[in-house]
Amino acid sequence: MIDYRGWRHTFKLDPDKAIGDEALEALCESGTDAILVGGTYGVTYDNTLELMSRIRRYAVPTVLEISSLDAVVPGFDAYFIPLVLNAGDPDWIFAPHVSGLKAYGSYIHWEEIFTEGYLIANPAAGVAQLTKARPIADSEEAKAYAQVAVNICRLPIVYVEYSGTYGDPELVRACRAGAEGAHLFYGGGIRTPQQAAEMAAIADTVVVGNVIYDDLQAALATVAAVKGVQKKR
Ligand SMILES: CC(C)=CCC/C(C)=C/CC/C(C)=C/CC/C(C)=C/CC/C(C)=C/CC/C(C)=C/CC/C(C)=C/COP(=O)(O)OP(=O)(O)O
Ligand SMILES: O=P(O)(O)OC[C@@H](O)CO
Ligand SMILES: [Mg+2]
């Protein structure tokens with residue numbers, strides 16, 4: 001069983017994007033704590049299975065962040081299930097989860113399932129448009145969302161999602177304060193060691209995604225940057 005609570009750094013790989021064998025080996029052997037597999041669009045059973053099988057050649061823990069019912073692939077170490085806290089379209093709040101339980105209920109090992117309270121903070125991200133994410137007014141409101149996730153819904157994880165753009169450290173800090181007792185993931189727009197270190201000082205785990213496909217060396221440099229930073233509490 002995985003324990004994400006000790007993770008400081010993860011890479012997020014998108015099944016819909018091509019990655020060569022050498023690059024994949026470098027990522028899996030980089031010292032990162034885990035590989036998350038996920039994306040908003042174009043995620044299918046086949047491309048998820050293919051990516052998982054390739055990652056499976058390495059010892060790194062591998063988690064599927066489920067975004068489509070058509071791409072629930074067995075064999076991952078764990079499954080992260082997003083629950084979008086600021087979804088403006090109610091069909092994205094519980095409807096897919098109910099369908100998921102109807103479809104897969106008898107195959108579920110609950111100890112492998114972790115629900116993420118997902119706070120979408122970049123209105124331009126694909127996932128913001130898909131879920132019609134409500135804009136977050138300010139840090140105080142972000143903190144309140146995190147409190148809803150942790151103190152009202154009792155979720156174990158809050159994920160501040162700035163996918164595609166680097167976030168506002170003050171807003172992430174407010175989420176850290178609101179998510180007391182839960183694990184805080186930060187993801188979005190990290191392209192340099194400095195950015196990785198800045199968010200690692202606030203969040204429990206930093207997620208690095210898109211830069212992998214643009215500049216592999218920059219992506220790899222974020223591992224040491226994160227590992228060298230103590231969280232400020
Ligand atoms: C047989 C077997 C393996 C059984 C396993 C059992 C199991 C785990 C069953 C699942 C049951 C269940 C409850 C399923 C729920 C399924 C589901 C579809 C939930 C909806 C999740 C959701 C709200 C998705 C919306 C989109 C979202 C939040 C995606 C998260 C990933 C994300 C934002 C990635 C970033 O996207 P990216 O493409 O990188 O973005 P950019 O373009 O900006 O880069
Ligand atoms: O792809 P980037 O912008 O690095 O974001 C990482 C991750 O939070 C995406 O879900
Ligand atoms: Mg991406």
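Start at 1 and go down the list; that is how both ligands and their atoms are numbered. Starting from 1, each residue takes its place in the sequence as its number.
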Between [X] and ligand 2, is there a nitrogen or oxygen pair with a distance under 3.5 Å?
X: Lys12; answer: yes
X: Val211; answer: no
X: Glu161; answer: yes

Self-check item: Check against side-chain hydrogen bond (donor to acceptor under 3.5 Å, both in side chains), His9 and Thr205
Solution: CA-CA 5 Å; His9 182 283; Thr205 306; over 6 Å; no
Enumerate the atoms of ligand 1 whose separation from the nearest heavy atom of [X] is less than 4.0 angstrom.
X: Pro74; value: 3 (C)
X: Asp14; value: 38 (O)
X: Val73; value: 3 (C)
X: Val127; value: 26 (C), 27 (C), 28 (C), 33 (C)
X: Ile113; value: 8 (C)
X: Ile66; value: 8 (C), 10 (C), 16 (C), 17 (C), 21 (C)
X: Glu65; value: 30 (C), 31 (C), 32 (C)
X: Ile81; value: 12 (C), 13 (C)

Looking only at heavy atoms, is any part of [X] under 4.0 Å from ligand 1, and if so is it the side chain, the backbone, or both, or is it neither?
X: Asn122; result: neither
X: Ile120; result: neither
X: Glu161; result: side chain
X: Tyr118; result: side chain
X: Leu83; result: neither
X: Asp16; result: neither

Quiz item: Looking only at distance, does Thr40 have an N or O less than 3.5 Å from an N or O of ligand 1?
Solution: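 Yes: some nitrogen or oxygen of Thr40 is under 3.5 Å from one in ligand 1.
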Quiz item: Do any nitrogen or oxygen atoms of Ser163 come within less than 3.5 Å of a nitrogen or oxygen of ligand 1?
Solution: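 Ser163 vs ligand 1: N/O contact under 3.5 Å present.
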So, the side chain of [X] versus the backbone of [Y]: is there a donor-acceptor pair under 3.5 Å, distance only?
X: Ser68; Y: Ile66; answer: no
X: Glu141; Y: Ala137; answer: yes
X: Thr222; Y: Ala219; answer: yes

Self-check item: Centroid separation Tyr107 to His109 less than 6.0 Å
Solution: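 They do not qualify: ring centres at least 6.0 Å apart.
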Quiz item: For the residue pair Tyr79 and Phe114, is the inter-centroid distance of their aromatic rings smaller than 6.0 Å?
Solution: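 That pair fails the under 6.0 Å test.
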Quiz item: Side chains of Asn210 and Lys17: do they bring a donor and an acceptor to under 3.5 Å?
Solution: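 Judged by distance alone, the side chains do pair up.
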Exercise. Answer with yes or no whether the side chains of Glu198 and Tyr186 bring together a donor and an acceptor at under 3.5 Å.
Key: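 Judged by distance alone, the side chains do not pair up.
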Numbered atoms of ligand 2 (with element) below 4.0 Å of [X], judged on heavy atoms:
X: Gly189; result: 2 (P), 3 (O), 4 (O)
X: Ser163; result: 3 (O), 5 (O), 9 (C)
X: Tyr159; result: 7 (C), 8 (O), 10 (O)

Practice problem: Only heavy atoms count here, so choose which of Tyr213, Trp92, Tyr162, Phe80 is nearest to atom 25 (C) of ligand 1. | Solution: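 Answer by nearest heavy atom: Trp92.
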Exercise. Only heavy atoms count here, so choose which of Gly167, Gly164, Gly39, Ala219 is nearest to atom 3 (O) of ligand 2.
Key: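 Nearest heavy atom to atom 3 (O) of ligand 2 lies in Gly164.
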Self-check item: Electrostatic pair Asp33:Arg8 at N-O distance under 4.0 angstrom
Solution: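 No, this pair does not count.
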Quiz item: Less than 4.5 Å apart, any side-chain heavy atom of Tyr45 and any of Val72?
Solution: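 Heavy-atom side-chain distance check fails, nothing below 4.5 Å.
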Quiz item: Can you tell if the side chain of His97 reaches within under 4.5 Å of the side chain of Leu83, non-hydrogen atoms only?
Solution: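 In contact.
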Quiz item: To the nearest 0.5 Å, what is the distance between CG (Asp168) and CG (Asn122)?
Solution: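 So the CG of Asp168 and the CG of Asn122 are separated by 12.5 Å.
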Practice problem: Classify the angle between the aromatic ring planes of Tyr118 and Tyr159 as parallel (below 30°), tilted (30 to 60°) or perpendicular (above 60°). | Solution: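 Aromatic pair Tyr118/Tyr159 classed parallel.
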Exercise. Name all pairs fulfilling the salt bridge (charged side-chain N to carboxylate O under 4.0 Å, His left out) condition that reach into residues 44-61, sequence neighbours left out, sorted by first residue then second.
Key: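 Every salt bridge (charged side-chain N to carboxylate O under 4.0 Å, His left out) pair that includes a residue of residues 44-61, provided the two are not neighbours, is Asp21-Arg54, Arg56-Asp77.
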